[in-house]
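Input: a single structure, listed below in structure tokens.
Whatever order the structure lists ligands and atoms in, that order sets their numbers, starting from 1. Being a predicted model, the structure only gives us computed values, none of them experimental.
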Amino acid sequence: MTASPLPVDPFDLVIFGGTGDLALRKLLPAMFHRFVDGQVPAASRIIGVAREGLDDAGYRSLVRDVLADGGGASDRIEAFLPLLRYLPLDARKDEGWEAFAALVDEQPEHIRVFYLSTSPELFVDICNRLGSHGLNGPNSRVVLEKPIGRDLASAMCIIEAVGRVFSETQTFRIDHYLGKETVQNLLALRFGNALFEPLWNAGHIDHVQITVAETLGLGRRAGYYDRAGALRDMVQNHMLQLLCMVAMEPPASLAPDAVRDEKLKVLHALKPVDMRNVAQLTVRGQYKAGAIDGERVPGYLEELDDGHSNTETFVALKAEIANWRWAGVPFYLRTGKRLATRLSEIVVAFKSVPHSIFDASAGPLAHNRLVLRLQPDEGVKLWLTIKHPGPGGLRLRHVPLDMSFAEAFGVQQPDAYERLLLDVVRGNPTLFMRRDEVEAAWRWIDPILAAWGAAGEPPRPYAAGSWGPSAAVALIERDGRTWNEDSE
Ligand code: NAP
């Protein structure tokens with residue numbers, strides 16, 4: 001049985017970039033699902049904004065098709081569509097903003113969420129114009145999509161410019177990984193069970209692995225991606241946030257700043273990776289042509305217009321946290337495009353037993369591992385050693401205590417954006433990045449980028465459909481460990 005979600009008060013959600021990929025694929029379906037679940041009151045408004053010259057009817061028709069393709073029931077879709085409005089507006093031009101402000105002001109009591117689902121180059125223009133039209137009052141909130149900058153300096157420019165219009169409590173920097181059920185479950189597992197926390201330290205944990213593997217290539221985001229690369233696109237935000245959730249000290253409560261203070265301490269305690277050690281601790285890769293699910297797929301350079309790039313589509317690195325809890329425990333991170341399978345997971349590998357009482361015929365003793373799967377099929381597995389059932393002597397087997405959330409709870413897990421969008425409406429920033437977290441993450445990433453730039457080496461090639469360059473395997477095997485391969 002699932003508890004019914006609590007409805008929120010009617011609100012206005014303005015989506016700048018309302019016709020874009022993120023809006024149509026994630027944000028509007030998320031709102032639709034919350035509406036169907038009774039959480040979004042019918043008096044709420046969702047206002048799409050983009051340059052395209054649509055009207056309300058045209059926008060509703062566009063969204064109707066998207067939701068129908070996603071399997072939405074037509075009576076529910078028809079009930080949802082009247083919430084939608086559309087206003088054509090160019091964020092860089094002054095025209096149209098009076099009409100926009102008048103539309104928003106029709107509901108002065110509503111909480112106003114301005115979701116900037118556009119290229120980050122527009123963030124400052126949009127915020128300035130919202131401010132100059134008086135739309136940054138106490139009931140307004142702004143949501144910033146990643147990437148916030150491409151290095152510390154550019155991130156600071158955006159953060160400070162937005163900060164001149166919206167206060168920190170009004171600013172929600174979204175990292176949708178933090179809205180995933182499994183990530184929140186990490187909090188429940190760590191701090192809701194007496195079992196794990198006493199073992200959650202360098203005395204008992206051998207190492208941690210975080211993998212975010214995609215099978216997709218560039219698709220339609222080629223321009224953005226080629227300027228960013230895997231380190232900026234995935235590690236600076238999602239993967240460091242996951243690392244923080246694993247490594248942080250127990251916060252005193254779930255109050256937003258209690259959690260974020262602890263995450264920030266982890267970021268500050270990361271050992272620097274720079275010119276001196278970047279070659280030992282990081283691997284950059286770029287995919288060549290290969291095959292995924294039996295289909296030939298092109299290489300990265302073939303997907304680019306000009307066919308030249310030194311951008312990495314894969315990165316593996318070994319991070320260490322210099323504090324009492326984690327001293328000497330490596331955190332291996334790897335992420336890439338066009339890898340063998342789509343998989344995001346955190347693996348906490350415990351140390352071996354100190355002494356084996358079993359003889360060789362029992363088989364090898366394996367590490368206990370706690371595997372938190374973020375996608376696909378969110379769930380948690382705890383790998384334990386047991387005796388193989390039946391006669392034949394004491395033979396050991398390594399088996400998972402397996403909890404797939406879909407199987408255990410019989411429901412499809414809500415998309416992360418569903419949870420996070422309503423957290424913004426409620427004004428709960430716990431699962432959003434505070435300004436100092438974004439800055440600290442860039443402060444750790446910048447020297448890696450600088451060291452790569454100074455070394456000037458091209459990324460190592462890997463075949464699409466593989467697990468990245470062989471150097472990424474060597475990175476972990478040098479330490480006598482292997483990447484987790486229990487992907488069933
Ligand atoms: P997109 O498909 O290119 O959409 C961009 C949207 O912005 C369109 O609606 C576009 O419509 C509008 N737009 C562009 N210039 C504008 C202007 N001057 N004034 C007003 N509207 C303008 O991009 P996206 O993939 O949705 O990504 C949006 C943001 O989310 C980016 O920051 C991206 O990095 C981030 N993000 C995306 C994803 C994803 O899965 N797509 C995931 C994580 C983060 P018009 O051209 O009609 O104006």
Side-chain angles (χ1 to χ4, degrees), residues 13-31 46-55 58-59 62-63 66 70 84-97 99-101 103 113-130 133 142-150 154-155 158-159 162 172-180 212 214-239 241 311 335 337 342 344 374-375 415-418 420-421 424 432-433 438:
L13 168 65
V14 177
I15 307 178
F16 286 94
T19 55
D21 177 67
L22 183 70
L24 295 178
R25 215 165 38 81
K26 292 287 184 182
L27 306 181
L28 289 157
M31 278 291 110
I46 299 171
I47 304 173
V49 175
R51 289 169 303 179
E52 193 180 342
L54 294 173
D55 57 10
Y59 192 51
L62 176 70
V63 177
V66 170
L84 299 184
R85 307 291 297 269
Y86 182 83
L87 201 92
L89 194 66
D90 186 334
R92 291 199 194 277
K93 297 190 180 148
D94 288 330
E95 300 90 79
W97 280 85
F100 171 71
L103 175 63
V113 176
F114 298 107
Y115 198 115
L116 309 196
S117 179
T118 64
S119 144
E121 281 94 61
L122 299 179
F123 289 178
V124 175
D125 270 327
I126 295 173
C127 287
N128 285 341
R129 289 194 162 87
L130 288 171
H133 287 85
V142 67
V143 184
L144 304 181
E145 258 299 340
K146 73 158 198 190
I148 300 180
R150 49 177 288 106
S154 55
I158 295 176
I159 287 171
V162 172
F172 289 73
R173 300 177 193 87
I174 198 161
D175 186 324
H176 69 274
Y177 272 60
L178 294 182
K180 289 185 181 284
V212 177
E214 297 176 88
T215 49
L216 294 176
L218 275 186
R220 46 187 292 288
R221 301 184 74 213
Y224 154 71
Y225 192 87
D226 195 51
R227 288 191 301 279
L231 189 73
R232 290 187 177 95
D233 187 51
M234 296 303 294
V235 180
Q236 186 272 340
N237 36 60
H238 305 315
M239 298 188 82
Q241 284 292 321
T311 299
T335 182
K337 291 196 174 290
R342 174 173 171 260
S344 296
L374 282 72
Q375 63 189 22
D415 188 79
Y417 281 99
E418 296 181 36
L420 294 172
L421 278 166
V424 181
F432 294 80
M433 289 181 291
V438 178

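Just one of Ile47, Leu22, Leu28, Leu116 meets the side chain to side chain contact (heavy atoms under 4.5 Å, CB included) condition when paired with Ile15; it is Leu28. The side chain to side chain contact (heavy atoms under 4.5 Å, CB included) with Leu420 is formed by just one residue from the set Asp175, Val143, Ile174; it is Ile174.
Smallest separation of non-hydrogen atoms from Tyr86 and Ala50: OH-O, 3.3 Å.
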Intermediate values then yes/no, side chain to side chain donor-acceptor pair (under 3.5 Å), Tyr177 and Asn237: CA-CA 9 Å; Tyr177 272 60; Asn237 36 60; over 6 Å; no
Residues Phe16, Asp125; criterion side-chain contact (heavy atoms from CB on, under 4.5 Å); working and verdict: CA-CA 12 Å; Phe16 286 94; Asp125 270 327; over 6 Å; no
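Ring geometry for His238 against His176 counts as perpendicular: the plane angle is over 60°, on a 0 to 90° scale with 30° as the lower cut.
Around ligand 1, the residues contributing at least one heavy atom under 4.0 Å from the ligand are Gly17, Gly18, Thr19, Gly20, Asp21, Leu22, Arg25, Ala50, Arg51, Glu52, Leu89, Asp90, Ala91, Ser117, Thr118, Pro120, Leu122, Glu145, Lys146, Pro147, Arg220, Arg221.
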